[in-house]
Enquirer: 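Dropping a structure here in structure tokens format, bear with me for questions.
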Amino acid sequence: MSHSHVYKLAKARRLKLKIKIDHRRISISCGDLSLRPQAFPSNDPKSVAQLLEQFTPRGVYRHKVALLLNELKTLNVNTHPQAFCIVLRCMFEVSAKAYCIEHGLNFCKENGYERPLVDILQQVLEHLEKNRSYYTHTKLLHGSYTELRRKDGILSIPSMNQVVHNLYFSVAVADICIYFNNIFPLLEAMN
């Protein structure tokens, strides 16, 4: 939970904040107040909303990601699953391209056309692996990438493309939350 959330929560509950400043970090506590967020099952839309609420894109080329994030936060997964998938797919593409620009990676073919999103994400994943030394995070990113490139995955790139281009393809709400929790680590790592 961010410091601003702690401050707002403490203010709402009229608690005194204890602030401790070390040379490397700031810690804030509120007495008996539990600062850890409530956990929701991964198949619950509240888990999606919680991840989106805590997500903050950072970087020079992330203004459109922030705009799409605001739109995604307003969409209810239960009532607008198709729109949710379309905006999510846009976030992945814009995030991947921003990451490539920021890190000097090329997302175009030699003829000038853009490479498929799955190929761009693979390049981003390889770059992230080179710069991340801890194994658990690498496993999470691999899981996200594997889910995104599956041919039959609910929130895979091929499925999200079908939501846009196929007149008869749609997604079920029940699975979106679980698959979102699976692919979110890669989106977070790119931003």
Enquirer: Side-chain donor-acceptor pairs under 3.5 Å in residues 183-191, sequence neighbours left out?
Expert:
from   : atom 1 : to     : atom 2 : distance (Å)
Asn191 : OD1    : Arg62  : NE     : 2.9
Asn191 : ND2    : Ser95  : OG     : 2.9
Asn191 : ND2    : Leu187 : O      : 2.9

Enquirer: For residues 64-81, tabulate all N or O donor-acceptor pairs below 3.5 Å that involve a side-chain atom, not counting sequence neighbours.
Expert:
from  : atom 1 : to    : atom 2 : distance (Å)
Thr74 : OG1    : Glu71 : O      : 2.7
Asn76 : OD1    : Asn78 : N      : 2.9

Enquirer: Checking Asn111 now: which residues fulfil side chain to side chain donor-acceptor pair (under 3.5 Å) with it, not counting sequence neighbours?
Expert: none

Enquirer: For residues Ile86 and Met91: do they belong to one hydrophobic cluster (side chain heavy atoms under 4.5 Å, members Ile, Leu, Val, Met, Phe, Trp, Tyr)?
Expert: yes

Enquirer: Got a sec, which residues hit side chain to side chain contact (heavy atoms under 4.5 Å, CB included) with Gln82, two or more places apart in sequence or on another chain?
Expert: Val163, Ser170, Val171

Enquirer: Taking all atoms of both residues into account, what is the closest heavy-atom pair of Glu147 and Gly153, and its distance?
Expert: OE2-CA, 4.2 Å

Enquirer: Could you give the distance from CG (Asp119) to CZ (Arg149), rounded to the nearest 0.5 Å?
Expert: 11.0 Å

Enquirer: Would you call Glu93-Lys97 a salt bridge at under 4.0 Å N-O?
Expert: yes

Enquirer: Find out if a path of hydrophobic residues (ILVMFWY) with successive side-chain heavy-atom gaps under 4.5 Å connects Leu52 to Ile154.
Expert: yes

Enquirer: Measure across Ala96 and Ile120 and return the closest heavy-atom pair with its distance rounded to 0.1 Å.
Expert: CB-CG2, 3.7 Å

Enquirer: Can you tell me how far CD1 of Ile157 sits from CZ of Arg89, rounded to the nearest 0.5 angstrom?
Expert: 5.5 Å

Enquirer: What is the distance from atom OH of Tyr61 to atom SG of Cys100, rounded to the nearest 0.5 Å?
Expert: 12.0 Å

Enquirer: Nearest 0.5 angstrom please: Phe92 CZ to Leu148 CG, how far?
Expert: 4.5 Å

Enquirer: If two hydrophobic side chains count as joined below 4.5 Å and joins carry through other members, does Ile178 share a cluster with Phe84?
Expert: no

Enquirer: Hey, is the main chain of His142 close enough, under 3.5 Å, to the side chain of Thr146 for a donor-acceptor pair?
Expert: yes

Enquirer: Please enumerate all residues that pass side chain to side chain contact (heavy atoms under 4.5 Å, CB included) together with Asn166, with sequence neighbours excluded.
Expert: Gln162, Tyr168, Phe169

Enquirer: Is there a path of hydrophobic side-chain contacts, each under 4.5 Å between heavy atoms, that joins Val60 and Phe107?
Expert: yes

Enquirer: I'd like to know whether Asn181 forms a side-chain contact (heavy atoms from CB on, under 4.5 Å) with Ser47, so could you lay out the CA-CA distance, the side-chain angles of the two residues, the decisive distance to 0.1 Å, and finally the verdict.
Expert: CA-CA 8 Å; Asn181 281 287; Ser47 69; 3.2 Å; yes

Enquirer: What pairs with His103 under side chain to side chain donor-acceptor pair (under 3.5 Å), at least two apart in sequence or on another chain?
Expert: none

Enquirer: Would you please say whether a donor-acceptor pair under 3.5 Å links the side chains of Gln123 and Arg115?
Expert: yes

Enquirer: Establish, from distance only, whether the side-chain atoms of Ser144 and Asn182 form a donor-acceptor pair under 3.5 Å.
Expert: no

Enquirer: Atom CD in Glu126, atom CG in Leu121: separation rounded to 0.5 Å?
Expert: 11.5 Å

Enquirer: Could Asp152 and Arg150 be called an ion pair, given the rule that one side-chain N must be under 4.0 Å from one carboxylate O?
Expert: yes

